[in-house]
Amino acid sequence: MIKQVLLLLLLFAASGLTLSVSESQSASLLPHAAESFNVSYIQLKNEGSCSYLTVISTSCSSPKYTRDQISIAFGDAYGNQIYAPRLDDPTSGTFESCSSDTFQINGPCAYQICYVYLYRSGSDGWKPESVKINSYNGRPVTFYYNTYIPKDTWYGFNLCNSASSSSYQVSMQKWLIFLVLGFVLSIWL
């Protein structure tokens, strides 16, 4: 009876460890400032042969409107980069709080979009909720910001390398936990 209770406690502990491993990986999905991002390189490659439907939702806690200049750059893991130098249009109500704006952005054909950066220039401030990018060659992808974009900084997500490596690390850590659990159980039984 004591072995069964200990076994049950060990299973709960292993479950808790695997949950904490999974939760720690989601914390890395927060937007950040781009460390090295070369817009001139993007402009050289921006050939305009594919179209991307991009929906940017502005948070309800953003200022009512912004006169700031907003740019976007996104791409895939193979160096295909799409850049739109200025999406804002204050006269049309672009990027008002609690709204979504849809843009048709042309650029080189990319595979699965795995990074996006926004750039804001101005003094009003702006807080996007999310950016959803639809492309012909991959599934739609949504990046959740829900934070203010710093002034004069490319700010966003780059999941190109971390998406596959972090899921591999999580599955490897879970596998090791269950391997140790199996070894302990084989000794007890």
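Just the heavy atoms: all of them, side chains too, but no hydrogens, waters or symmetry mates, feed the values below. Source: prediction; values computed, not measured. In this chain, residues are counted from 1 in sequence order.
In the hydrophobic cluster analysis, where Ile, Leu, Val, Met, Phe, Trp and Tyr join through side-chain heavy atoms closer than 4.5 angstrom, L29 is grouped together with L118. In the hydrophobic clustering of this structure, F95 does not group with Y144; members are Ile, Leu, Val, Met, Phe, Trp, Tyr whose side-chain heavy atoms approach within less than 4.5 Å, directly or through other members. I149 and V55 fall into different hydrophobic clusters, where Ile, Leu, Val, Met, Phe, Trp and Tyr are joined by side-chain heavy atoms under 4.5 Å apart, directly or via other members. Side-chain heavy atoms closer than 4.5 Å link hydrophobic residues (I, L, V, M, F, W, Y) into clusters, and following such links, even through other members, never connects L53 to Y83.
With hydrogens and angles ignored, the 3.5 Å screen pairs a side-chain donor or acceptor of S59 with a backbone N or O of S61. Q69 places no side-chain N or O within donor-acceptor distance of the main-chain N or O of G122, the cut-off being under 3.5 Å. Between the side chain of S71 and the main chain of P85, a donor-acceptor pair closer than 3.5 Å is present. Remark: side-chain polar atoms of S62 are not paired, donor with acceptor, to backbone N or O of C60 under 3.5 angstrom.
Within the 4.5 Å cutoff, no side-chain heavy atoms of K151 are placed close to those of S121. For the pair I82 and P108, the minimum side-chain heavy-atom distance is below 4.5 Å.
One distance of note links OG1 of T58 with NZ of K127; it measures 11.5 Å at 0.5 Å rounding. Taking OG1 of T102 as the start and CG of N134 as the end, the distance is 9.5 Å to the nearest 0.5 Å. Within the model, atoms CG of D101 and OG of S57 stand 8.0 Å from one another, a figure rounded to the nearest 0.5 Å. Here I113 contributes atom CD1 and I133 contributes atom CD1; the two are 5.5 Å apart, rounded to the nearest 0.5 Å. Rounding to the nearest 0.5 Å places CD of E129 at 12.5 Å from OH of Y145.
Residues forming a ring pair (Phe, Tyr, Trp, His ring centres under 6.0 Å) with Y111 (at least two apart in sequence, or on another chain): Y78. Applying the side-chain hydrogen bond (donor to acceptor under 3.5 Å, both in side chains) rule to T147 yields no partners; only residues at least two apart in sequence or on another chain are considered. Every residue two or more places apart in sequence or in another chain was checked for a ring pair (Phe, Tyr, Trp, His ring centres under 6.0 Å) with Y148, and none qualifies. Shown here are the side-chain hydrogen bond (donor to acceptor under 3.5 Å, both in side chains) partners of D124, two or more places apart in sequence or in another chain: R67.
The salt bridge (charged side-chain N to carboxylate O under 4.0 Å, His left out) contacts involving residues 68-92 comprise D68-R120, R86-D88, where partners must be two or more places apart or lie in separate chains. The disulfide (SG to SG under 2.5 Å) contacts involving residues 107-137 comprise C50-C109, C114-C160, where partners must be two or more places apart or lie in separate chains.
Donor-acceptor pairing under 3.5 Å is lacking for the side chains of S97 and K64.
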- Determine, stepwise, if the pair T94 / F103 fulfils side chain to side chain contact (heavy atoms under 4.5 Å, CB included). CA-CA 11 Å; T94 310; F103 304 95; 3.8 Å; yes
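Here the closest heavy-atom approach between residue Y155 and residue P150 is recorded as CG-CD, 3.4 Å. Heavy-atom minimum distance, I56 versus L87: CD1-CD1, 3.8 Å. When all heavy atoms of G125 and P63 are compared, the pair lying nearest together is O-CG, 3.7 Å.
A ring pair (Phe, Tyr, Trp, His ring centres under 6.0 Å) with F74 holds for exactly one of Y52, Y115, Y117, F157; it is Y52.
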